[in-house]
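Here the structure is laid out as structure tokens; the discussion comes afterwards.
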Amino acid sequence: MTLDTTFDPAAIEQRWYAHWEESGQFRPERDDAEPFTIVNPPPNVTGSLHIGHALDNTLQDIIIRYERLKGKDALWVVGTDHAGIATQMVVERQLAEDQKKRTDFTREEFVDKVWEWKAESGGTITRQLRRLGCSMDWSNERFTMDEGFTRAVTKVFVDLYNQGLIYRDKRLVNWDPKLKTAISDLEVENVEQSGHFWHFHYPLADGATTADGKDHIVVATTRPETMLADMAVAVHPSDERYVALIEAGAKVVLPITGRVIPIVADEHADPELGSGAVKITPGHDFNDFEVGKRAGIAPVDMLNMLNGDAKVVNTADALVPDELIGMDRFDARKAVVAMLKEQGLLIPHVAKTKKGEEIEQDAEPRKIMTPLGDRSNVVIEPWLTDQWYVDAETLAQPAIKAIREGDIEIVPKSWEKTYFNWMENIQPWCVSRQLWWGHRIPVWYDDAGNAYCTETEEEAQAQAGEGVNLRRDPDVLDTWFSSALWPFATIGWPDDLVPNPPRHGEVADAVAPAEAADGGGSPLAQRPDDGPLHRASAVPLPASGEDMVPRPDSDLARHYPNDLLISGFDILFFWDARMAMQGIQFMGEVPWRRLYLHGLVRAADGSKMSKSKGNTVDPLGLIDQYGADALRFFMAAMESQGRDIKMDEKRVEGYRNFATKLWNAARFCQSNGIAASTSLAAPEATLPVNRWIIGEVVETLETLDKALADLRFDAAANTIYQFTWSRFCDWYLELIKPLLQGEGGADADETRTVAGWVLDQIFVMLHPFMPFITEELWHAMAPEDSPRGYDLITAKWPNPRATVDTDAKAEIDWIIGFTTAMRSAKNELGIAPGAKLDCWFPASLEPRVTALQSTLERVARIGAAQFGEAPTGASMQLVVEGETITVPLEGVIDIEEEKARLSKALEAVSKEAKSLEGRLGNANFVERAKPEAVEKARTDHAEKSAEAERLAAALARLG
RNA sequence: GGGCGUAUAGCUCAGUGGUAGAGCACUGUGUUGACAUCGCAGGGGUCGGAAGUUCAACUCUUCCUACGCCCACCA
């Protein structure tokens, strides 16, 4: 197949991707091969491919293609996430366009609508991943709400419940008043906003006074409206101003409503801050909640004055003024301040104007760290509700240990500290969400409020007793609760679990696979923990992995633990850490051996890309313009560990040029009768240039393997780039041109064979980075008479079985050195680059130069070669590896220019020689430095001195 | 307040205990059949600052400065 003169990525990308996928090559049958597994972070089903996905998936695809080429049973698990809040919001927005809202429908109707939406629009991102060239196993594409996954989620919830690791609790949660759901700590973003800081008086009850004779206590707050739900004023137990009040059991009268509340002693109050007294609103502040509990207030008794919309409602004591009821929290804030002011209890803040005048304000302006919901972007309200919590602290312990003991390697290592810091201070994880779209919590309540947590309603009914009225918990689970199961629930858990063989029995494979796979009499039905599910104790049971194990022949057994997880550091806590916890809990083993964390792709100016800022770069646009291969190569080349990537479109363009370069090199080979070889081993070669390039392949391969083993994507990409362009194209192809142009013969045959072999090695080594162009060329360059029987994607990684030929390397290095010196000298002296110049070589070089005559004529543009003592007179002199080559140029060059050129070179070399001389003259260096360093300094010095002498001599000859 | 990261050529970034590299940009030059999405040659950096360790520091240590990120707290 003759290659087109231009390379058109769009034309080949679609064709090859479809072919790979249709022919099942993303996961070829390799039952006997060593498994290698990566699970893809499931993108939100609502998502479309953004630049961060492009990075994340390119890196994974490079590794998975590399491992596949190395012959492993490489599995890249793919699927999408149901993305509870995000998806529900998308569908609600769609309803809003028709002037409808979620609550116009029943829950079932709405959920059906979401499924409809998913069926129609949920495939966007998976199509886009294909455009990037990602070689995932689509035959097992999963969804976090598909049937099997749902079973896994339910089982995990029930198991954790039975183990006492999931419980229901009444406490403050982060409440999103816009989405009207609880969210976890991680979904809250703390943003600094300008706010106010008010001070006011709480009059002391019963005529009491403070130690300094005041009849009130000053409190300060940024949220005055919550004072209506205050339940105490706290002071530090050792605060002299208030000890007497505490001892006397003094109280304060809450302004506006006149409710009398106690003064309590609590270490939380900082005597150094303000008055040292702090209002306590246990129902609306996380710190106050704790203080309240210490003061003996049970959560059920805590006053709550807001509803789910963050509007004022009556507290339990009905002590909210009527005119505030129904008011939004921010309006209530203004109203409360106005009331306090009216009662003369507001202490004005004295500020200075720019002119130095003092003015009074109601409050001190202040920067306040404000909690915002990451989805809704509204201020989060601490709100007292019943929610389901996961005992994250217990689950975290083995996950911490796994990193400490090296069961999981985090790359780059610097992230370990962040991981430990978070895991060691982990808080209970609120997993219930007041949404309709998601995994419904598998808990049923009877009319008395007893909870039954079972996998099915039937089981719950059985437990509750026949005829008992049951009502299912309306909440769904946090999306991350389900995605935490991704590494094992996508590959057969829990269906492929079988009871652990008896520990004392010598028969390890007691369970026949066939029997285990049988659906009806599944061993699952007799699992040991069958039976009453209301466990009395909260003592953790053994992890499921200890009594149930993966069936030996299953994917679950084979591909868990996964080998590697690649994710952005931004989901380290959300997802990675939770996978570590759940993986260990349910599989008894870490989810993956290595965790690679990459950074963010930033805009060209270094700012964070965001839709609202309008500075996003669309990866699909880049693919359209430069090709998927170029974008992928960019991502790889820019991915150095521990650093974000700044978008640089010029660089993407550069890698498009690289693809074009390779295309043209292939065209050149093709037009010269070179076909890519099908031999794994390097061909036999006699010519230095061929022996040299084989050695270069060997070295490149070593460097590349090392870089990929270390997950140094940048080093890997640069290695193959540099070899292809600077070695193969710039030198090897130029050096073999004269050999190809002659009559033919043995040398030409050998060269065609070697060139074809090297080309083949490039295709394979480059394939993980640029899968499309390499697959295209790999087929196009196959010998006419023996087309490839299989595709590059499932070909074999290079194994040249050759070594570096040092003699050949020395010779080619000399050619490169001589050619470069010649070109440079000509350029500096203003001699036409094409001018063929006769040269006088030292007699010692006669054999080499004679053998290389045609090559040197071509690349270095030499004319006649003569040997021995050069004639005197105006000449250009080249010093190459310590030997002088004279190029007589009587009448052609300006002798002064040549002198200047040589002087400059001499100066540079002398400087280096002198520096080395100084070092060698330092006794401390010679005595204390490593012997290799001293030896190297000696040889370098000898070399530089010799070169300096040569240059000096050359200069002298010019008079 | 705690933690992490970054600072190297005009720009974007690699890098190593032994006197600095790439791509782009820039300058000069070249189109007698692979490629102008190209070739050849070249200019350009006291490696953020200070001190220390060392025979030797861009590299290791400490401190400082600037920028960025994460976590916590601010009643």
Side-chain angles (χ1 to χ4, degrees), chain A residues 3 5-7 185-186 190 197 219-223 226 233-234 268-270 273-281 285-288 291 366-369 412 414-418 420-422 425 569-570 572-573 599-600 602 604 606-608 626 630 634 637-638 640 642-651 653-672 712 714-715 718 721-722 725-726 729-730 733-734 737 819-820 823-828 830 832-834 859 911-912 915-916 919 922-930 932-934 936-937 940:
Chain A
L3 291 167
T5 50
T6 52
F7 162 52
D185 298 343
L186 284 176
N190 291 303
F197 193 46
V219 295
T221 182
T222 57
R223 303 187 50 202
T226 63
V233 167
H268 167 68
D270 183 351
L273 283 175
S275 68
V278 52
K279 66 190 271 303
I280 299 299
T281 323
D285 181 278
F286 288 105
N287 283 316
D288 294 3
V291 176
R366 237 197 210 198
K367 292 282 176 203
I368 317 264
M369 272 298 210
S414 55
W415 282 104
E416 279 187 2
K417 264 198 176 174
T418 307
F420 289 135
N421 188 43
W422 189 71
N425 296 293
F569 66 75
D570 52 331
L572 174 60
F573 305 147
L600 260 46
R602 296 180 168 276
S607 64
K608 207 168 163 175
Y626 303 107
F634 166 79
M638 297 305 286
S640 58
R643 192 193 259 271
D644 287 346
I645 292 178
K646 255 183 234 181
M647 196 58 224
D648 182 356
E649 201 173 320
K650 289 292 284 178
R651 198 136 176 173
E653 186 187 338
Y655 293 125
R656 188 272 318 262
N657 295 352
F658 174 57
T660 305
K661 184 78 180 176
L662 178 64
W663 184 267
N664 283 312
R667 279 180 59 225
F668 168 78
C669 289
Q670 194 173 55
S671 65
N672 281 281
R712 285 307 307 248
D714 55 343
N718 290 332
Y721 178 95
Q722 136 83 20
W725 200 316
S726 309
C729 292
D730 287 349
L733 291 185
E734 292 306 321
K737 276 177 183 174
T819 305
T820 305
R823 287 169 178 170
S824 176
K826 278 177 165 177
N827 200 291
E828 282 180 50
V859 299
K911 198 177 149 197
E912 284 183 60
S915 158
L916 287 161
R919 200 187 301 168
N922 180 344
N924 279 326
F925 173 70
V926 181
E927 282 164 26
R928 299 193 199 179
K930 283 176 296 185
E932 312 87 270
V934 179
K936 182 164 189 317
D940 285 357

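Each chain gets a letter, A, B and so on, in the order its sequence line appears, and its residues count up from 1.
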Which one is paired to G30(B), where only Watson-Crick or G-U wobble pairs with both distances under 3.5 angstrom count? C38(B)

Complementary nucleotide for G5(B) - Watson-Crick or wobble, under 3.5 Å: C67(B)

Just call it for Ala665(A): base, sugar-phosphate, or nothing, with non-hydrogen atoms closer than 4.0 Å on any strand. base

To the nearest 0.5 angstrom, please state how far the NZ atom of Lys608(A) sits from the CZ atom of Arg602(A). 7.0 Å

Counting just side-chain N and O atoms, does Trp725(A) come under 4.0 Å of either OP1 or OP2 of G39(B)? yes

How long is the line joining NZ of Lys826(A) and P of G39(B), in whole Å? 19 Å

Test Arg712(A) against Ser640(A) for side chain to side chain contact (heavy atoms under 4.5 Å, CB included), laying out the working first. CA-CA 6 Å; Arg712(A) 285 307 307 248; Ser640(A) 58; 3.7 Å; yes

So what does Thr222(A) hit on the nucleic acid, given a heavy-atom distance under 4.0 Å: a base, only sugar-phosphate, or nothing? sugar-phosphate

For Arg823(A), answer base if it contacts any base atom (sugar-phosphate contacts may also be present), sugar-phosphate if it contacts only those atoms, and nothing otherwise; contact means non-hydrogen atoms under 4.0 Å. sugar-phosphate

Looking at G18(B), C13(B), G42(B), which one has an atom nearest to any side-chain atom of Ala929(A)? G18(B)

Can you tell me how far P in G39(B) sits from the matching atom in A25(B), rounded to whole Å? 12 Å

Might you point out which heavy atoms bring Phe569(A) and Gly599(A) nearest each other, and give the distance in Å? CE2-CA, 3.5 Å

Taking the P atom of each, how far is C70(B) from G23(B), in whole Å? 35 Å

Nucleotide of C4(B), C73(B), A14(B) approaching Asn287(A) most closely (side-chain heavy atoms): C73(B)

Would you measure the distance from the C1' atom in U59(B) across to the matching atom in C67(B) and give it in whole Å? 22 Å

Cys729(A) has a side chain; which of A34(B), A72(B), A14(B) sits nearest to it? A34(B)

Round to the nearest Å and state the distance from Gln670(A) atom CD to G33(B) atom C1'. 15 Å

Quick one: Lys608(A) NZ to G68(B) C1', roughly how many Å, whole number? 11 Å

Is NZ or CZ of Arg919(A) both nearer than 6.0 Å to the six-membered ring centre of Phe925(A) and within 45° of the ring axis? yes

Using the P atom on both, measure U31(B) against C13(B) and round to a whole Å. 38 Å

Counting any heavy atom closer than 4.0 Å, what does Asp730(A) reach on the DNA or RNA strands: base, sugar-phosphate only, or nothing? sugar-phosphate

Using only side-chain N and O atoms of Arg643(A), determine if any of them is under 4.0 Å from OP1 or OP2 of G68(B). no

Residue closer to the 5' end of RNA chain B, Pro833(A) versus Ala666(A) (nearest nucleotide): Pro833(A)

Stepwise, does the salt bridge (Lys or Arg N to Asp or Glu O under 4.0 Å) test hold for Lys646(A) with Asp644(A)? CA-CA 7 Å; Lys646(A) 255 183 234 181; Asp644(A) 287 346; over 6 Å; no

Interatomic distance where CD belongs to Glu932(A) and P belongs to G17(B) [whole Å]: 14 Å

Can you measure Lys737(A) atom NZ to G33(B) atom C1' for me and round it to whole angstrom units? 9 Å

Which nucleotide sits closest to the side chain of Thr820(A): C74(B), C71(B), A41(B)? A41(B)

Distance between the C1' atoms of U12(B) and U6(B), in whole angstroms? 14 Å

Touch class at under 4.0 angstrom, heavy-atom based, for Asn421(A) against every strand present: nothing

Nearest-Å distance, CE (Met369(A)) to C1' (A72(B))? 9 Å

If you define the side chain from C-beta out and look only at heavy atoms, does anything of Phe573(A) sit under 4.5 Å from Asp185(A)? no

Are any side-chain N or O atoms of Asn421(A) and backbone N or O atoms of Lys417(A), one a donor and one an acceptor, separated by less than 3.5 Å? no

Any-strand Watson-Crick or G-U partner of G21(B), both distances under 3.5 Å: C13(B)

Just call it for Ser915(A): base, sugar-phosphate, or nothing, with non-hydrogen atoms closer than 4.0 Å on any strand. base

Taking only the C1' atom of each, what is the distance from G48(B) to C58(B) in whole angstrom? 12 Å

Does Arg919(A) place a side-chain N or O at less than 4.0 Å from the phosphate oxygens OP1/OP2 of U19(B)? yes

Tell me what Ser671(A) touches on the nucleic acid: a base, only sugar-phosphate, or nothing, going by heavy atoms under 4.0 Å. nothing

Could you give the distance separating C47(B) and C40(B) at their P atoms, to the nearest angstrom? 31 Å

Starting the side chain at C-beta, find the nucleotide from U12(B), A14(B), G42(B) nearest to Met638(A). U12(B)

By nearest nucleotide on RNA chain B, pick out whichever of Phe7(A) and Asn664(A) is the more 5' one. Asn664(A)

If you check the Lys661(A) side chain, which of C38(B), A41(B), C73(B) turns out closest? C38(B)

When you compare U19(B) with A66(B), how far apart are their P atoms, in angstrom units rounded to a whole number? 34 Å

Lys417(A) NZ to A72(B) C1', in whole Å, measures 17 Å

Which part of the nucleic acid, if any, lies within reach of Gly642(A) when heavy atoms closer than 4.0 Å are counted: base, sugar-phosphate only, or nothing? sugar-phosphate

Of the listed nucleotides (A41(B), U37(B), C69(B)), which one gets closest to any side-chain atom of Ser824(A)? A41(B)

Classify Phe658(A) by what it touches in the nucleic acid, base, sugar-phosphate, or nothing, heavy-atom distance under 4.0 Å. nothing

Side-chain donor/acceptor of Arg651(A) to base of U12(B), under 3.5 Å: yes

Does any nucleotide pair with G43(B) by Watson-Crick or G-U wobble geometry, both distances under 3.5 Å, and what is it? none

To the side chain of Lys646(A), which of G5(B), G15(B), U12(B) is closest? U12(B)

Between Lys650(A) (NZ) and C11(B) (P), how many Å, whole number? 17 Å

Classify the nucleic acid contact of Lys930(A) as base, sugar-phosphate or nothing, counting any heavy atom under 4.0 Å across all strands shown. base

Given Asn664(A) and Arg667(A), is the side chain to side chain donor-acceptor pair (under 3.5 Å) satisfied, shown in steps? CA-CA 5 Å; Asn664(A) 283 312; Arg667(A) 279 180 59 225; 2.8 Å; yes

Among A34(B), G18(B), G23(B), which nucleotide sits nearest the side chain of Glu734(A)? A34(B)

Ring-face cation of Lys661(A) near Tyr721(A) (centre distance under 6.0 Å, axis angle within 45°): no

Asn657(A) side chain, from C-beta outward: closest of C74(B), C38(B), G15(B): C38(B)

